[in-house]
Each structure stands twice: as C-alpha cells, then as structure tokens.
Asker: 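One structure follows; several queries about it will come next.
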Amino acid sequence: MNFQTKAIHAGHKHDKSVGAHATPIYQTSTFVFDNCEQGARRFEGIEEGYIYSRLGNPNMTELEEKMTALENGGAAISTGSGMAAISTVLLSQLKAGNHMVAGKALYGCTNSLMTHVLPRFNIETTFVDTTDLGAIEQAINNNTKVIYIETPANPTMQVTDIKAVSKIARKYGAVLVADNTFMTPYLQKPLDLGADIVVHSATKYICGHGDVVAGIIVSSKETIMDMKFPYFKDFGGNTSPFDAWLLVRGLKTLPARVDIHCKNAKVVVDYLLNHPAISDVYYPGLKEHPQHDIAKKQATDFGAMIAFELKGGIEAGKTLMNNVKMIALAVSLGCVDSLIQHPASMTHSPVSREDRLKAGITDGLVRISVGIEHVEDIISDLGQALAKI
Ligand code: LCS
C-alpha cells in the first residue's frame, strides 16, 4: 500500500460485535478473563489478549500498528507524551555508568532530562553539534550506548545526516535514536536510513489538531518487546484510549495536512526573507541552509517549522508576537492552526543561557509553526504585526 492508504487503513479492523465501521473507543481500564487459567496464560505471555490498559488497549494497538506501518518499523509503543516516549527509550537502553552523545540543539525538556535527571542515575551525556560527524565520533567513549538526534532540531532547524550517523553508531555498537517529530514519517523515515529507534511527540503533526498530548516509539519487534516488558509496563506512560483514538483519526489526514503545511511554509519563508524587519530565516528548504542537500536527500519535503531573527532583536520579536491576531502565541507545533513562540523564554527555558547560545538558540530567535489556514491570511496577520515594529 502507498503511504496515504496505510495512513487510513493500517491497523484498522472493523468491529465484529456490531459491525461499526469506525473503531469504537475502548474506554476501559481492565479486561475480563474467561477463567483463572486464561488470566494466568495472558500474564505469562503465552496467550495474546488484553489484561489492563496500562499495558495495552485496542485503541493503543490500532495506533501502534498504524505508526509501525508508516515508519516501516517492526512494532511500536504509544505513550502518554513525547517525553514519556523519550524517557522510556533512554531508561530502557541505558544503565548506570553508560554514556550518551546527543545533539546540542534539542527540545528543551529532552535536554533537561539529559542534563538534570539522567546524571542522578549516573548516565552522562556529551552534547555535540551532530551536523559535525567528526565531533560525534570524538565524543564517543567505551561506555557510549546511545546517540540521540533530533532532525531538524527544535528550534534551530539544523539537519543531521541520519544515514551517516547510523554508520557511526554501528561502528561503535551504540543505538541511534532519532526524534522524527518535525518531519513525520510522511516526509522522513529514520529507520529506513539506519536509525534503530524513532520517537515522536505525537502531540504535534500526528495528532494535528492540538487536542492531545501523546508520544510514540517505533523500532524492531525485538527492541519494542524488550522495552515494553518491563520498562514501559513499570513506568506507566500509556496513552489513554480516547487519545489513541484521536491520534488514529488524526493520522488518516496526515499526508493531506502535511502537504498543505509544507506548501504554506514555503510561501511564508519567501515572505519573511523579503521583509525588511527580518534579518535571518532558518528553514532547510532554503538553498542557503547549511544542510540543505542533506535535507533534500533524506526527506521528501522540508516541513513547516521556521525559525527567524528580526533586525530589531528580541524587542522587535516581542512586538511581533504580542500583536499577532489569528496566529496563536503558544508553544507546541504541528497543529492545523499557526502558532508562534519565543524559544529562549518558552520551550527552551529549561536550558541554561550559555548552553542555549552554544546551540544557536539566540535570545532573538522566533519560531513559527505554519498551519493550514489559507496562506494569505497567515501572511496578512504576520504583516500587520510586523508593521507595529
Ligand atoms: N520532541 C520534540 C522535537 C518536541 O518538540 C517535543 C515537544 C517533545 C519531543 C516532547 O513532546 P511532548 O511530551 O510535549 O508531547 N515540543 C514542544 C514545543 O516545541 N513546544 O511545546 C512542546
């Protein structure tokens, strides 16, 4: 099946009990066993079937099967947030004494997990510019078990060469984890490019409508089973049945939505580039973007996330963000609605100023998640707000 067809049909089974075409919401915490023996078999793992919704639920299964098909993986785990996906992956792949190499520019809470939480369990991270393959290799030591990348990176839009980094991971026996939130499997499939594990904040494009917080992990069947029992089971970061149902619904329109997101983003980039108040625009689709060729090679389009700087610095940025009318001043991204935010004081505030600046997240950087409204309306709103500067 083609991607668009899989987005609609993969994982879907018509409900045989009443013949419902759409999947019912299995809003249940627990599942009834026929008898004690069956309950025991399910707990032993020798009979398939549901036990308790923290371990799995039919709505989670549909979402997991769909995402497995879309990412070309072997299996998936759906989680209660992107951070639940990331923490489950890292705490199952690493143990005390292990080391990780990660990108300098990462979503703020991912950085915070690595900087503030994991060191308490004696897991250290070296942050490097992952666009520099030599820097990755140099940071690896005998205890390095994970290389963690986000590409494009939030919010700098730097692009890491997944295939090249996967070769380094293989050479040193480390697992490559790729956060594919900004691209979605419609535009980029990290497992096909050699990554071992893909994570998503499903809160974003996978949901698409800004009404769910959730995450997804996709990998080989073996890796997912090892992660599920005991880590996922014992950490307890499952998706609620209703949220999983909404995500399945959202995924059906992922290709259609992302096509419009990408088309709109290109028009907005053009507008920003030609606006006298803007000094720099960071978007992998620009020929001038330092990793444009890699982005072109490893993804089918460039997404709809744009970072930019204003000539008037942060004060001009604040004027813009305080004066947009239709575009929401809000964190998150990947919604049908356009969102604008200030990484230094919002999404990346958990990162120290020094580390932020080293990663290229300047005080003046503004990030926009271009929605699927009519692009003329997005530009007209940006235009009236920029005119206030
Ligand atoms: N990975 C990336 C690339 C993200 O952008 C985020 C959240 C996460 C993981 C964590 O996912 P969550 O737990 O929130 O579902 N990014 C946000 C952002 O840029 N604005 O608000 C949240």
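Indexing begins at 1, ligand by ligand and atom by atom, following the structure's order.
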Asker: For R257 and G250, indicate whether the former's side chain and the latter's backbone hold a donor-acceptor pair under 3.5 Å.
Answerer: yes

Asker: Using a 4.0 Å cut-off on heavy atoms, what residues surround ligand 1? Order them by chain and number.
Answerer: S81, G82, M83, I86, Y107, E150, N154, D179, T181, S201, T203, K204, A214, V331, S332, L333, T347, R367

Asker: Taking 4.0 angstrom as the limit, do D192 and K163 come out as a salt bridge?
Answerer: no

Asker: Looking at every heavy atom in both S219 and I197, which two are closest together, and how far apart are they?
Answerer: OG-CG1, 3.7 Å

Asker: Using side-chain hydrogen bond (donor to acceptor under 3.5 Å, both in side chains) as the criterion, list what pairs up with H99, not counting sequence neighbours.
Answerer: T126, T144

Asker: Quick check against the 3.5 Å criterion: does Q188 have a side-chain atom that pairs as donor or acceptor with the backbone of P185?
Answerer: no

Asker: I need the minimum non-hydrogen distance between N57 and Y26, along with the two atoms involved.
Answerer: ND2-O, 3.0 Å

